[in-house]
Amino acid sequence: MSSLKVHNSYTREKELFTPITLGYVGMYVCGPTVSGESHLGHARPFITFDFIYRYLMHLNYKVRYVRNITDAGHFEEEGREAEDKISKKAVIEKLEPMELVQKYTNLFHWAMHQFNNLDPSIEPTATGHIVEQINMINTIIKDGYAYEVNGSVYFDVKKYAEKYPYGKLSGRVLDDLLETTRDLDNQDEKHNKQDFALWKAAPPEHIMRWTSPWGEGFPGWHIECSAMSKKYLGDQFDIHGGGMDLQFPHHESEIAQSTICNHKIPARYWLHNNMITINGKKMGKSYNNVIKLTELFSGSHPLLMQAYSPMTIRFFILQTHYRSTLDFSNEALQAAEKGLKRLWEAYQLLLKLDFDPAKEIDEKIEEQFYSYCREMDDFMNDDFNTAKVLANMFSLVNYINSFKSGALENATLSAECFAFVKNHFKSYVENILGLKDESGQEQDKLKGVLDLLVDIRKDARSKKDYATSDKIRKQLEQLGILMKDEKDGKVSYSFE
RNA sequence: GGCCAUGUGGCCGAAUGGUUAGGUAUAGGUCUGCAAAACCUUUCAUGGAGGUUCGAACCCUCCCGUGGCCUCCA
């Protein structure tokens with residue numbers, strides 16, 4: 001079997017993955033800023049790093065997955081004044097800042113569970129780690145790579161770049177940055193334009209504030225990730241993940257801060273997922289083109305022709321490689337919805353299939369099953385190519401369905417092969433890709449009622465009373481229950 | 001303006017030198033009282049122009065288009 005290779009943004013190459021400690025993986029992923037509701041764009045990194053987390057565990061690594069909650073506001077420098085994102089919104093909604101943070105944190109957790117994302121091992125909050133951040137800033141100041149001005153502390157990028165490769169991750173050249181950095185407010189405090197804030201002095205109206213050696217203020221955006229990853233994963237850990245848009249300045253700054261504090265680059269492998277676009281444009285708050293997750297699940301958004309379930313979204317994301325952009329459209333999501341349904345129903349059928357002594361074992365097909373399954377491991381090992389994994393699954397879906405009715409009706413597989421394939425499918429569909437049954441409502445009582453209706457309909461049909469049989473089927477269809485007459489005279493139903 | 005990506009069928013997307021995956025859609029067929037599902041078959045693509053090569057979606061050059069980052073951003 002092949003070994004896991006991952007595309008490392010830091011080197012821009014696909015590299016063999018070797019953890020620092022044999023058998024253990026430390027992974028840090030930038031989490032949400034809980035100042036608002038999550039949207040479709042946010043779903044991508046969390047689903048991406050969820051299947052990466054799941055696959056690493058599948059490879060028997062013991063993984064510590066740390067994903068932060070950014071609940072301390074950062075400045076919003078769109079207009080004139082630097083304002084705290086969270087405190088500003090809190091005034092609007094007349095809520096306590098932490099009340100707002102709690103609300104959106106809860107909503108975020110709810111959405112993550114809808115997507116069947118596993119909880120991270122640790123989910124630290126920025127506000128819970130102010131002390132660690134202050135300590136880290138102190139270390140950087142002592143080492144001479146940061147300076148204080150009017151109660152704010154800035155990182156000296158120019159000095160850092162003399163000794164370290166600043167810009168390597170994001171492909172920046174410092175001189176270019178000097179020329180292209182725009183004029184922003186409060187820039188006059190900085191020695192150089194490309195310096196970034198470690199700590200910001202809080203203006204009087206700022207609600208979220210903490211006492212620090214430099215006066216009352218709040219932490220800069222980048223320092224929280226450095227402080228929390230160090231605390232829970234150590235000076236250097238294996239994987240740092242996040243969206244591509246975080247490469248610069250966020251991750252570049254993290255590298256600079258941590259390198260000064262810990263004398264080494266914080267993570268060995270930097271993984272970045274690409275964006276979800278809508279009409280070719282990145283979905284983002286600043287573009288005013290976001291579709292919130294709650295809107296997506298309920299279909300209540302002018303751009304949506306219908307509601308899309310969390311698993312449809314998950315499948316949609318899995319169908320493309322995580323480093324490619326993914327364009328949203330109703331057409332694309334409807335295609336994903338149908339594809340997922342076919343995959344899931346074939347998977348359920350597979351679980352019911354077994355070696356049939358009355359039929360002949362088809363060795364050629366058996367070999368196909370084995371090779372398609374084994375290939376899936378190679379695909380995942382090749383930088384998590386879930387798109388190819390799914391392609392193989394659909395090749396097997398055809399075979400599986402053909403056992404029921406079609407070319408393979410008179411064929412069977414050995415008991416060993418069936419066991420292997422069932423096990424493999426279960427492991428991939430449920431454990432690695434993280435898909436789950438959404439029909440859910442198939443409770444026993446409902447099942448009993450449906451069986452009764454199937455019975456009544458059968459009687460009607462035997463009497464050629466098609467008016468009654470069609471009435472039953474039609475009305476059930478309106479309720480979202482499809483009744484299907486099988487070739488062998490049996491009747492099956494599925495939920496839309 | 002700088003840096004970096006990218007352009008594959010109706011739509012969403014795999015694939016980095018050797019029969020252009022897969023999903024969905026379209027068309028026809030099998031099955032069926034009809035329908036659905038399923039299966040089989042089928043139509044449709046590598047932005048443009050050169051170059052390298054026996055051979056290019058893939059490598060090189062130029063052009064055109066789009067996007068991302070440079071500022072909060074998944």
Side-chain angles (χ1 to χ4, degrees), chain A residues 12 29-33 35 38-49 73-78 82-83 85 167 170-173 175-177 179-184 194 221 241-250 252 272-277 280-287 290 315-316 319-321 323-343 345-346 349 379 385-395 397-402 404-409 461 464 466 469-470 473-474 477 482-487 492-494:
Chain A
R12 286 151 201 253
V29 174
C30 291
T33 300
S35 62
S38 298
H39 59 77
L40 175 60
H42 295 123
R44 186 112 194 242
F46 303 128
I47 289 173
T48 297
F49 289 99
H74 299 294
F75 5 113
E76 203 167 31
E77 291 175 306
E78 297 176 335
E83 288 176 282
K85 239 187 192 175
S170 53
R172 309 281 141 158
V173 180
D175 293 339
D176 293 344
L177 288 174
E179 288 172 19
T180 59
T181 302
R182 290 187 199 170
D183 285 330
L184 295 169
Q194 66 274 49
W221 177 34
M244 267 185 189
D245 50 351
L246 293 181
Q247 259 184 41
F248 189 88
H250 186 54
E252 199 70 70
H272 291 100
N273 64 275
N274 215 318
M275 305 290 102
I276 285 184
T277 58
K281 272 222 161 40
K282 173 186 166 186
M283 189 177 283
K285 279 175 201 159
S286 21
Y287 296 99
V290 300
F315 181 83
F316 178 60
Q319 262 190 316
T320 174
H321 189 261
R323 284 193 299 111
S324 301
T325 52
L326 173 57
D327 199 50
F328 165 89
S329 68
N330 282 286
E331 222 178 340
L333 274 182
Q334 282 163 3
E337 183 180 71
K338 287 184 183 167
L340 171 62
K341 188 166 189 273
R342 196 158 81 90
L343 175 68
E345 285 179 1
L349 173 62
F379 295 152
N385 198 327
T386 53
K388 289 190 102 175
V389 168
L390 284 173
N392 268 27
M393 280 189 181
F394 277 105
S395 301
V397 162
N398 279 355
Y399 286 131
I400 292 165
N401 284 328
S402 295
K404 191 178 177 190
S405 66
L408 301 177
E409 245 175 324
R461 289 183 74 213
K464 294 205 190 294
Y466 295 123
S469 70
D470 284 353
R473 191 174 59 196
K474 224 172 229 172
E477 196 181 335
L482 292 179
M483 201 164 260
K484 292 172 276 195
D485 294 319
E486 304 293 346
K487 216 173 163 185
S492 67
Y493 46 83
S494 67

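Chain letters run A, B, ... following the sequence lines, proteins first, then strands; residues in each count from 1.
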Please name the nucleotide paired to [N] by Watson-Crick or G-U wobble geometry with both distances under 3.5 Å, or report none.
N	answer
B/U53	none
B/U66	B/A5
B/C58	none
B/A38	B/U30
B/U20	none

Checklist entry - With a non-hydrogen cut-off below 4.0 angstrom, is A/N398 in contact with a base, only sugar-phosphate, or nothing? => result sugar-phosphate
Item to check | Per-pair stack call A/F394 and B/G23, 5.5 Å, 30° | outcome: no
Per the atom types in the model, does the base of [N] pair as donor or acceptor with the side chain of [X] at under 3.5 Å?
X	N	result
A/D327	B/C11	no
A/R172	B/C4	no
A/N274	B/G67	no

Taking only the side-chain nitrogens and oxygens of [X], find out if one of them lies under 4.0 Å from OP1 or OP2 of [N].
X	N	result
A/T277	B/G68	no
A/N385	B/A15	yes
A/N273	B/A74	no

Item to check | Atom NZ of A/K484: over 12 foreign heavy atoms under 6.0 Å | outcome: yes
